[in-house]
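Following: one structure in structure tokens, then a few remarks.
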Amino acid sequence: MTTTVTAQTPADWPATEEQARAVQDALRARVVLDEPGPPPGTGRVTGVDVAYDDERDVVVAAAVVLDAATLAVVAEATAAGRISFPYVPGLLAFREIPAVLAALDALPCPPGLVVCDGYGLAHPRRFGLASHLGVLTGLPTMGVAKNPFAFTYDDPDAPRGSTSPLLAGAEEVGRAVRTRDGVKPVFVSAGHRVSLANACAQTLALAPAYRLPETTRRSDALCRAALRTAAYPA
DNA sequence: GCGACAG
DNA sequence: ATCTTGTCGC
């Protein structure tokens, strides 16, 4: 059963890029990086993703809860709303978070570890979507992105499980993780209350058969399907 | 200054 | 993110 709700953009949501960057600078200090996070294969893991229809000004977020041991779907929810911010590199969170928060709130059970489609610490101001969502909810969060953004990395060795640092200059902000032999890696970073090493281990545990973790695959499919049938939000 | 840049 | 058909291969 899937719960569907309406998402509202908060009244105090930033209206300009300057305001949004100021929010990131203010919240960044609240990120917790000294917790390892839950062991892979234990408890629950929730994938969140968002789909857009700019023509209709509709955004739909999905949250899909998986049993970490079996990767079976335990619960899922979607939230539809109006687009709250334009896409600006470095400010993705302001476009996705209101809908994602509504979807998480609509879940009938605790989400456990939250896996985001995007970055956490691997961000120009070290405060990407996953970190932002973690600070707002208090939940352990991590990011798995499909592209290296503006960061550099050396291609990991071919075997699944190989990794290489994702670098901002000399700083390791994340890791390129090979989830399938010889296939383009995914880009993992810590969000909140999860270590980078654990985020990489979680990613491998969540991606036994495909390049992308099951959390992202399931949440991506759900928000896209929901977008097709979404009514115009209030 | 110009371009590149998670989704 | 989204626009988009068929096609090659396991």
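In what follows, chains are A, B, ... by sequence order, proteins preceding strands, each numbered from 1. Below, each value reflects all heavy atoms present in this structure, side chains not excepted, and no hydrogens, waters or symmetry copies.
Salt bridge absent: Lys184(A) and Asp155(A) never bring a charged side-chain N and a carboxylate O closer than 4.0 Å. Of the charged side-chain nitrogens involved, none lies within less than 4.0 Å of a carboxylate oxygen, so that Asp220(A) and Arg217(A) do not count as a salt-bridged pair.
For the pair Arg95(A) and Tyr52(A), the cation sits on the ring face: its NZ or CZ lies under 6.0 Å from the ring centre, inside 45° of the axis.
If you check every strand for non-hydrogen atoms under 4.0 Å, Gly90(A) touches a base. Here Ala51(A) lies in heavy-atom contact (under 4.0 Å) with sugar-phosphate atoms only. Heavy atoms of Tyr52(A) sit under 4.0 angstrom from primed sugar atoms or phosphate atoms, though from no base atom. Among the protein residues, Asp49(A) comes within range of the sugar-phosphate backbone only, with heavy atoms under 4.0 Å from sugar or phosphate atoms but none that close to a base.
A straight line from OH of Tyr153(A) to P of dC5(B) spans 12 Å, rounded to a whole angstrom. Per the geometry, NE2 belonging to His132(A) stands 15 Å off C1' belonging to dA6(B), to the nearest Å. Atom CG in Leu129(A) sits about 9 Å away from atom C1' in dG7(B), given to the nearest Å. One atom, CG of Leu91(A), and another, C1' of dC5(B), lie 11 Å apart when rounded to the nearest Å. Atom CG of Leu133(A) is separated from atom P of dG7(B) by 16 Å (rounded to the nearest Å). Between Leu212(A) atom CG and dG7(B) atom P there is a gap of 10 Å when expressed in whole angstrom units. Between the CG atom of Leu92(A) and the P atom of dA1(C) there is a distance of 10 Å, rounded to whole Å. Rounding to whole angstrom units, CZ of residue Arg224(A) and C1' of dT2(C) are separated by 9 Å.
Neither OP1 nor OP2 of dA6(B) sits under 4.0 Å from any side-chain N or O of Lys146(A). For Asn147(A) and dC5(B), the shortest distance from a side-chain N or O to OP1 or OP2 is not below 4.0 Å. Taking 4.0 angstrom as the limit, Tyr87(A) places a side-chain polar atom (N or O) nearer than this to OP1 or OP2 of dA6(B).
Taking the six-membered ring for Trp and the full ring otherwise, the centers of Trp13(A) and Phe94(A) sit less than 6.0 Å from each other. Taking the six-membered ring for Trp, His123(A) and Phe149(A) have ring centres at least 6.0 Å apart.
Side chain of Phe149(A), nearest nucleotide from dG7(B), dA6(B), dA1(C): dA6(B).
Closest heavy-atom contact between Gln202(A) and Val45(A): OE1-CG2, 4.5 Å. Minimum heavy-atom separation, Thr215(A) to Thr46(A): CG2-C, 4.0 Å.
You cannot call Phe187(A) stacked on the base of dA6(B); the centres under 5.5 Å and planes under 30° rule is not satisfied.
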Got a list of protein N/O to nucleotides 6-10 of chain C N/O distances below 3.5 Å?
none

